[in-house]
There are 2 protein chains.
Amino acid sequence: MSLDGQLPPKMRLLRAAAELLANSGGAPVSTRQITQLAGVTAPTLYHHFGDKEGLFDAVVAAGFEEYVAGERDFAPSGQPLEDIRRMWDNHVQFGLNQPELYLVMFGNIRPESRPAIVADAEALMEEMLNKAAVAGQLNVQPREAARSILAANVGVTLMLIAEPASERNLELSTMTRDAMIFAVSAEPASGAAPGDAGKSSVVVAAIALNAALQASHSDQLSSSELKLFLEWLHRISTSPAG
Amino acid sequence: MSLDGQLPPKMRLLRAAAELLANSGGAPVSTRQITQLAGVTAPTLYHHFGDKEGLFDAVVAAGFEEYVAGERDFAPSGQPLEDIRRMWDNHVQFGLNQPELYLVMFGNIRPESRPAIVADAEALMEEMLNKAAVAGQLNVQPREAARSILAANVGVTLMLIAEPASERNLELSTMTRDAMIFAVSAEPASGAAPGDAGKSSVVVAAIALNAALQASHSDQLSSSELKLFLEWLHRISTSPAG
DNA sequence: TAGCACCTATAGCATTGCTATATGAACTGA
DNA sequence: TCAGTTCATATAGCAATGCTATAGGTGCTA
């Protein structure tokens, strides 16, 4: 029951606090629980950390170091934007693995509490984006890009944490990630006009889809399915309703 | 000192809690503070709200209704994407005006606590994006787009709340906002290059048709036909690349 | 051994969220 | 008009919380 691997009490307190924080989902963790699990009495806690919040700050700091270490452990692939993607995914994964810790880190940010962590995280991402900027792949200043991407990254991670694990769809993450990266990257991607898809009616939309379908060879539907699909589409697009 | 405008105690409790929550930045607010400011004793609180968290939930719900009301008060401008921009800015402003309330709403989201608010906010944005989809301006399904945009919106707002008011730079917001909207919109790039950026016109048209069909109750197809039709449509509109 | 800094334990204080119980007010039906 | 019932508030107090004043071991160096 007690966390006594003969580590120094300071460490035992840190681990006990981290464990209780991680397991008791959202419920407040009392100092008595912590000290009991650590096999230590109250004054020891206050001697080492001064405060309950001091202890929690230490836990957060340790967790953040782990996070940073995870981000740094990747060898640069030579494709900076690809590294950013991995960084993003790593961030999300960290949040999903330790949701409680993550919520303390990024969910409870107040200007007087811990903007230092945010600044560090931003610096970490800016560092990577700098390589992309050097390679001429960036549309905006690396710092602005880093702040923007990190903000979206945090938002996505929080949303994913918010929904029950069974319904979590990581597509939200990849989609937002690629949207952000695309927006800051300097890739010259532009094409022809999208036809006349400006009207707002079922008919127009159906006609546009009909034309587009005939032009392209989509293999998402079998030929018999497609035949029926087109027939229905025709029925819709010749209806008077709007 | 006491909040007695002769309102019913329930209201006085709500207002007292909201005021204390808003002003005492991040510090825990005790029930005794609340009841004293409301000019009421403890059991009254528990009679009406059952719990401290029940009271706070009520405060959050009230705040959220205010937020929704603010979002709805805008007359649609006819340009759905422009409405989305206003919606985004409104969201950020709400968060900056009531940071503590916002942190409780979106900073402390746990799967068991309040995903309902997130769902409502998503629905609100999806509703607007549907108009864009009908007009053929959307690249992805409105629901996915709404989730993605809202996630980024929340992330940006949290980051802005995190930094001291004097250093707040709203450019982070506008930049991220436009990046997200650009990424989900079908305007600029389409058709010719369905490689990585910009979906084919088939997909855009299918999404538009899908949204239009759901909006209008076309009776050109029987319900079973429509079901299968929509399924195929979904298959088309989520295909990797046309 | 003595002194000293460091770390930990005993015991308890003030405050916290919450409640068992009782009192009052307002409305009902006769 | 008045007993009965329901709703709403108050009195007083409990267990748990964060924290601390004080004292008691440790291990060092001299």
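Just so you know, these numbers use all the heavy atoms, side chains as well, and skip hydrogens, waters and symmetry mates. In what follows, chains carry the letters A, B, and so on, assigned in the order in which the sequence lines appear, proteins first and then strands, with residues in each chain numbered from 1. All figures in this text were calculated on a predicted structure; none of them were measured in a lab.
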Atom NZ of B:Lys52 and atom C1' of D:dA16 are separated, to the nearest Å, by 14 Å

Residues pairing under salt bridge (Lys or Arg N to Asp or Glu O under 4.0 Å) where one sits in residues 64-75 of chain B, two or more places apart or in two chains, turn out to be B:Arg72-B:Glu127

Taken to the nearest whole Å, CG/A:Asp51 to C1'/D:dT17 is 14 Å

B:His48 NE2 to D:dA8 P, in whole Å, measures 6 Å

Side-chain N or O of A:Ser30 less than 4.0 angstrom from OP1 or OP2 on D:dT17? yes

Chain A vs DNA chain C, heavy-atom contacts under 4.0 Å, first-to-last nucleotide span, 5' to 3', is C:dC7 to C:dG12

In whole angstroms, the gap separating P of D:dT17 from CZ of B:Arg32 amounts to 16 Å

**Prompt:** Has B:Thr44 got a side-chain N or O lying under 4.0 Å from the OP1 or OP2 atom of D:dA10?
**Reply:** yes

**Asked** Taking only side-chain nitrogens and oxygens of B:His47, does any of them come within less than 4.0 Å of OP1 or OP2 of D:dT9?
**Response** no

Residues at least two apart in sequence or cross-chain that pass side chain to side chain contact (heavy atoms under 4.5 Å, CB included) with B:Thr44, listed by chain then number, are B:Pro9, B:Leu13, B:Val40, B:Thr41, B:His48

A:Phe49 meets the ring-ring contact (aromatic ring centres under 6.0 Å, His included) criterion, sequence neighbours left out, with none

Whole-Å distance, B:Leu13 CG to D:dA8 C1', equals 12 Å

Between B:Leu45 and A:Pro43, whichever has its closest DNA chain C nucleotide further toward 5' is A:Pro43

So the side-chain hydrogen bond (donor to acceptor under 3.5 Å, both in side chains) pairs with at least one residue in residues 152-164 of chain B (sequence neighbours excluded) are A:Arg147-B:Glu163

For B:Arg86, the salt bridge (charged side-chain N to carboxylate O under 4.0 Å, His left out) test, sequence neighbours excluded, returns B:Asp83

For A:Ala145, is there any backbone N or O sitting under 3.5 Å from a side-chain donor or acceptor partner on A:Ser148? no

Atom CD of A:Gln33 and atom C1' of D:dT17 are separated, to the nearest Å, by 11 Å

